[in-house]
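Have a look at the structure below, then the notes.
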Amino acid sequence: MTAPNSETPSPVAPAGDFIRAAVTEDLKSGRFDHVHTRFPPEPNAYLHIGHAKAIWIDYGVARDFNGLFNLRFDDTNPTKEEQEYVDAIIEDVKWVGGKFDDRIFYASDYFDRMYEWAEMLISKGVAYVCDQTADQVSAGRGSLTHPGTVSPFRNRTVEENLDLFRRMKAGEFPDGSRTLRAKIDMASPNLNMRDPVMYRILHAPHHRQGDKWAIYPMYDWAHGLEDSLEGITHSLCSLEYENHRPLYDWFLDQLGIYHPRQIEFARLNMTYTVMSKRRLIDLVKSGAVRGFDDPRLPTLAGLRRRGYTPEAIHDFCDRIGIAKADSTVDVALLEHCLRETLNKIAPRVMGVLRPLKVIIDNYPEGQTEELDAVNNPEDPAAGSRKVPFSRELYIEREDFMETPAPKYFRLSVGREVRFRYAYFLKCVGFTKDPATGEVTELHCTYDPATRGGDAPDGRKVKATIHWVSAPHSLAAECRLYDHLFTKPDPDDVPEGQDFTANLNPNSLQTLSACRVEPSLAAAKPGERFQFERLGYFCVDPDTSAGRLVFNRAVTLKDEWAKIQKKG
RNA sequence: UGGGGAUUAGUGUAACGGUAGCACAACUGACUCUGGAUCAGUUCGUCGGGGUUCGAAUCCCUGAUCCCCAGCCA
């Protein structure tokens with residue numbers, strides 16, 4: 001058998017969404033014979049979960065059709081862009097699973113070719129140098145309901161345009177003094193077609209090109225050329241570019257060069273957070289959060305620090321779907337995806353957030369024993385570990401109630417509960433700080449016959465609680481996070497206020513007196529654990545020798561919390 | 001009073017003239033050495049009004065509402 005490739009069937013359409021359906025159709029009709037997509041961020045901000053959605057669409061479409069995927073920096077505006085962002089974006093795209101291999105490109109590398117093409121359009125008589133000021137251009141554009149007026153410079157000769165444009169490039173003119181414009185239609189109902197600016201004069205050093213250029217291309221002019229040069233088949237972007245598609249097509253058609261297809265989809269919005277670059281920057285600059293990797297932010301750096309895995313984000317992106325209607329996804333879905341992912345892989349461990357000392361009156365002083373604890377009930381291969389037990393323990397303050405509420409199954413005087421993997425313990429008394437009324441110490445007795453957690457007489461307990469051995473436990477700081485905003489829609493504010501009025505003052509709670517089991521001594525930043533009954537925690541980079549810091553990524557579902565809420 | 005998009009349970013998304021489905025959320029219950037996980041179940045929907053058709057979320061007409069566009073930003 002020879003030439004097996006001639007028999008290779010075109011990939012079967014995973015037509016799950018309208019984009020894949022369109023791509024399938026293009027392959028079928030012969031408009032394209034392969035698929036090549038790209039993710040084109042401007043390096044002027046950190047990526048967020050909305051970008052993850054875009055990446056997962058761009059990359060996912062290429063993957064599903066056995067195509068290729070490029071990472072391309074749309075670095076056409078040197079006044080806003082920085083290398084720092086380039087580096088951060090590369091890391092984030094890789095982390096979130098967009099596989100671009102070595103296909104990392106920069107729009108700025110195409111500036112020479114773009115320039116040549118611009119001269120071509122000038123020669124063709126469909127582009128001209130305009131001497132109007134920014135204000136004049138703006139005024140001449142007309143309004144949504146009224147046509148624009150033609151620029152007095154619109155009918156310069158090709159020679160004059162060429163000369164002026166070359167001198168613009170040579171840096172002879174000051175910023176803002178002239179532009180190169182496409183000659184299209186000042187009366188078009190689509191304002192983007194009213195002689196859009198192709199180049200502006202900017203005497204600004206570019207982070208990659210240095211001082212080479214005094215003129216820089218505008219998005220509309222540049223983007224289609226970038227796609228064309230890279231052989232992109234499907235240029236996927238968000239809805240606001242729908243109005244720009246006629247212009248995207250116009251430039252490519254005027255040039256007569258390879259013509260990709262632009263398809264738009266709705267960007268991601270999520271409850272209880274904000275997604276715009278400007279707002280994210282505001283939050284960081286104002287100190288509302290600690291940086292772009294603050295675990296409360298929807299940035300990929302923030303989610304990563306919080307404890308999110310790429311798999312959880314993939315799952316999320318797969319579930320939210322792709323459509324053209326503006327929508328706001330419930331952040332609870334993202335959290336659900338994280339729980340589901342971490343439930344399968346996170347080792348279980350015991351940690352106490354708000355410690356309450358327990359003394360076992362009938363347990364021999366100075367004795368220690370090692371008890372077996374399962375590492376992950378969802379994964380037998382994860383094995384087990386030894387956990388030390390002794391006369392003095394710490395339990396969660398909220399696992400004891402002086403006067404137990406209805407449906408409260410945990411400890412109170414006279415009640416017996418199971419200490420996970422250890423013994424049945426019965427509370428026999430407690431001490432209180434007379435000044436504050438705070439419970440300071442619990443006294444319990446244990447039943448030696450229940451070692452391991454089961455009673456030979458078959459008696460049951462209604463609750464199992466977690467604990468750590470006081471002398472063996474490690475000190476830790478835990479950072480508990482809540483939504484950054486108190487309302488699903490941060491813009492839901494009284495007249496005259498902005499979204500910052502809805503900032504949640506309790507979005508971060510730092511608990512610095514936590515105690516965790518000794519097996520955590522060697523935990524490394526980025527490692528994730530389930531603290532039994534509490535949630536999933538991720539070791540923070542602030543961790544240093546002798547100082548463990550954890551971020552709570554997400555809580556476990558909490559039936560008791562619901563009961564309490566209902567009153 | 002311009003142009004371009006959109007509208008299906010609380011939220012997100014399927015159904016492409018033939019039983020409106022799935023997921024999250026919410027609520028029941030079972031089970032449980034995590035009030036976790038798991039399992040079983042319940043509640044809840046086609047923007048309005050006409051029309052075509054045996055049959056309409058889907059086609060036609062007509063309204064309504066929402067989003068985007070007047071950067072030398074992307």
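Keep in mind that this is a model prediction, so the values were computed, not measured.
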Checklist entry - Does the separation of the ring centres of Y446(A) and F419(A) fall below 6.0 angstrom? => result no
Item to check | Nearest-angstrom distance, C1' atom, C59(B) to U52(B) | outcome: 8 Å
Next on the checklist: Between A37(B) and C31(B), how far apart are the two C1' atoms, rounded to whole Å?
Outcome noted: 11 Å
Checklist entry - For U11(B), does either OP1 or OP2 sit under 4.0 Å from a side-chain N or O belonging to R319(A)? => result no
Checklist entry - What integer number of Å spans the C1' atoms of G45(B) and G3(B)? => result 32 Å
Item to check | Per-nucleotide pairing state of RNA chain B [Watson-Crick or G-U, under 3.5 Å; [ ] pseudoknot-crossing; | other strand] | outcome: .((((((..((((....[..)))).(((((.......)))))....(((((..]....))))))))))).....
Next on the checklist: Parallel, tilted or perpendicular, judged at 30° and 60°: which one describes the rings of Y85(A) and F292(A)?
Outcome noted: perpendicular
Checklist entry - Hey, does the side chain of T133(A) come within less than 4.0 Å of C72(B)'s phosphate (OP1/OP2), counting only N and O? => result no
Checklist entry - Taking for each residue the nucleotide of RNA chain B bearing the nearest heavy atom, is the 5' side occupied by E240(A) or by T271(A)? => result T271(A)
Next on the checklist: What contact category does R141(A) fall into here, base, sugar-phosphate, or nothing, at under 4.0 angstrom with non-hydrogen atoms?
Outcome noted: sugar-phosphate
Checklist entry - Where do E369(A) and Y423(A) land on the side chain to side chain donor-acceptor pair (under 3.5 Å) test, with the steps shown first? => result CA-CA 12 Å; E369(A) 47 189 320; Y423(A) 294 95; 2.6 Å; yes
Checklist entry - Expressed in angstrom and rounded to an integer, what is the separation of R181(A) atom CZ from C72(B) atom P? => result 8 Å
Checklist entry - Any luck finding a side-chain donor-acceptor pair between Y46(A) and E84(A) under 3.5 Å? => result yes
Next on the checklist: Counting the atoms with a prime plus P, OP1 and OP2 as sugar-phosphate, which does S188(A) contact under 4.0 Å by heavy atoms, base, sugar-phosphate, or nothing?
Outcome noted: nothing
Checklist outcome for this item: When rounded to whole Å, the NE2 to P distance for the pair H203(A) and C72(B) reads 18 Å
Checklist entry - Is any NZ, NE, NH1 or NH2 atom of the basic residue among R385(A) and E517(A) found under 4.0 Å from an Asp or Glu carboxylate oxygen of the other? => result yes
Report each atom pair, protein N/O against N/O of nucleotides 36-41 of chain B, whose distance is under 3.5 angstrom.
from, atom 1, to, atom 2, distance (Å)
G36(B), N2, E378(A), OE2, 3.0
A37(B), O2', N343(A), ND2, 3.3
A37(B), O2', E378(A), OE1, 3.3
A37(B), O2', E378(A), OE2, 3.0

Item to check | Whole-Å distance separating the CG atom of L333(A) from the C1' atom of U13(B) | outcome: 11 Å
Checklist entry - If you check every side-chain atom of H336(A), which of C24(B), A74(B), G35(B) has the closest atom? => result C24(B)
Checklist entry - What integer number of Å spans the P atoms of U46(B) and U32(B)? => result 41 Å
Checklist entry - Hey, does P217(A) reach any base, or is it just sugar-phosphate, or nothing, if we go heavy atoms under 4.0 Å? => result sugar-phosphate
Next on the checklist: Roughly how many Å apart are C47(B) and U42(B), using the C1' atom of each and rounding to a whole number?
Outcome noted: 27 Å
Next on the checklist: Over all strands shown, is Q132(A) touching base, sugar-phosphate only, or nothing at heavy-atom distances under 4.0 angstrom?
Outcome noted: base
Checklist outcome for this item: Among the nucleotides U11(B), A74(B), A6(B), whichever has the atom closest to the side chain of D330(A) is U11(B)
Identify each atom pair where a protein N or O and an N or O of nucleotides 2-5 of chain B are less than 3.5 Å apart, giving names and distance.
from, atom 1, to, atom 2, distance (Å)
G2(B), N9, L144(A), O, 3.2
G2(B), N2, P189(A), O, 3.3
G2(B), N3, L144(A), O, 3.1
G3(B), N2, N243(A), OD1, 3.1
G3(B), N2, N243(A), ND2, 3.2
G5(B), O2', E242(A), OE1, 3.3

Checklist entry - Of N161(A), T179(A), D195(A), which meets side-chain hydrogen bond (donor to acceptor under 3.5 Å, both in side chains) against Y128(A)? => result D195(A)
Item to check | Pair D315(A) + R319(A), salt bridge at N-O below 4.0 Å | outcome: yes
Item to check | Presence of K562(A) side-chain N/O under 4.0 Å of A26(B) phosphate oxygens OP1/OP2 | outcome: yes
Checklist entry - What nucleic acid atoms does Y408(A) come within less than 4.0 Å of, heavy atoms only: base, sugar-phosphate, or nothing? => result base
Next on the checklist: What I want to find out is whether R72(A) reaches E230(A) closely enough, with some N-O distance under 4.0 Å, to be called a salt bridge.
Outcome noted: yes
Checklist entry - Hey, does N44(A) reach any base, or is it just sugar-phosphate, or nothing, if we go heavy atoms under 4.0 Å? => result nothing
Checklist entry - Does the gap between the ring centers of F529(A) and Y536(A) come in under 6.0 Å? => result no
Item to check | Closest to the K566(A) side chain, choosing from C72(B), C27(B), G12(B) | outcome: C27(B)
Item to check | salt bridge (charged side-chain N to carboxylate O under 4.0 Å, His left out) partners of D75(A), counting only residues at least two apart | outcome: none
Checklist entry - Once you round it to whole Å, what is the distance between P of U58(B) and CZ of F18(A)? => result 21 Å
Checklist entry - Using the rule for Phe, Tyr, His and the six-membered ring of Trp, do W560(A) and G35(B) stack at under 5.5 Å and under 30°? => result yes
Checklist entry - Which part of the nucleic acid, if any, lies within reach of Y421(A) when heavy atoms closer than 4.0 Å are counted: base, sugar-phosphate only, or nothing? => result base
Item to check | D489(A) CG to C67(B) C1', straight-line distance once rounded to whole Å | outcome: 14 Å
Checklist entry - How are the rings of Y219(A) and H244(A) set to each other: parallel, tilted or perpendicular (split at 30° and 60°)? => result perpendicular
Next on the checklist: From OH of Y216(A) over to P of A74(B), roughly how many Å is that when rounded to an integer?
Outcome noted: 12 Å
Checklist entry - Checking all strands, does T79(A) fall into the base, sugar-phosphate, or nothing category for heavy-atom contacts under 4.0 angstrom? => result nothing
Checklist entry - Do D249(A) and R245(A) sit within salt-bridge range, that is, some charged N less than 4.0 Å from a carboxylate O? => result no
Next on the checklist: Counting the atoms with a prime plus P, OP1 and OP2 as sugar-phosphate, which does A323(A) contact under 4.0 Å by heavy atoms, base, sugar-phosphate, or nothing?
Outcome noted: sugar-phosphate
Checklist entry - Can you tell me how far P of G29(B) sits from CD1 of I563(A), to the nearest Å? => result 10 Å
Item to check | Residues R533(A) and E396(A) bridged, charged N to O under 4.0 Å | outcome: no
Item to check | Qualifying ring-ring contact (aromatic ring centres under 6.0 Å, His included) pairs, either residue in residues 313-332 of chain A, two or more places apart | outcome: W56(A)-H314(A)
Item to check | Separation of the C1' atoms in A14(B) and U19(B), to the nearest angstrom | outcome: 15 Å
Checklist outcome for this item: note: K487(A), atom NZ; G10(B), atom C1'; distance rounded to Å ~ 18 Å
Checklist entry - Which class fits the ring pair F165(A) and Y115(A): parallel under 30°, tilted 30 to 60°, perpendicular over 60°? => result parallel
Checklist entry - Does R38(A) pair with D74(A) as a salt bridge, N-O distance under 4.0 Å? => result no
Next on the checklist: Under 4.0 Å, heavy atom to any atom of RNA chain B: which of residues 222-230 of chain A qualify?
Outcome noted: none
Checklist entry - Nearest to the side chain of V137(A) - U13(B), C72(B), C73(B)? => result C72(B)
Item to check | Ring center gap for F389(A) and W467(A) short of 6.0 angstrom | outcome: yes
Checklist entry - Base, sugar-phosphate alone, or nothing: which one does Y241(A) contact when heavy atoms must sit under 4.0 Å apart? => result base
Checklist entry - Taking the chi torsion of G29(B), is it syn (within 90° of 0) or anti (everything else)? => result anti
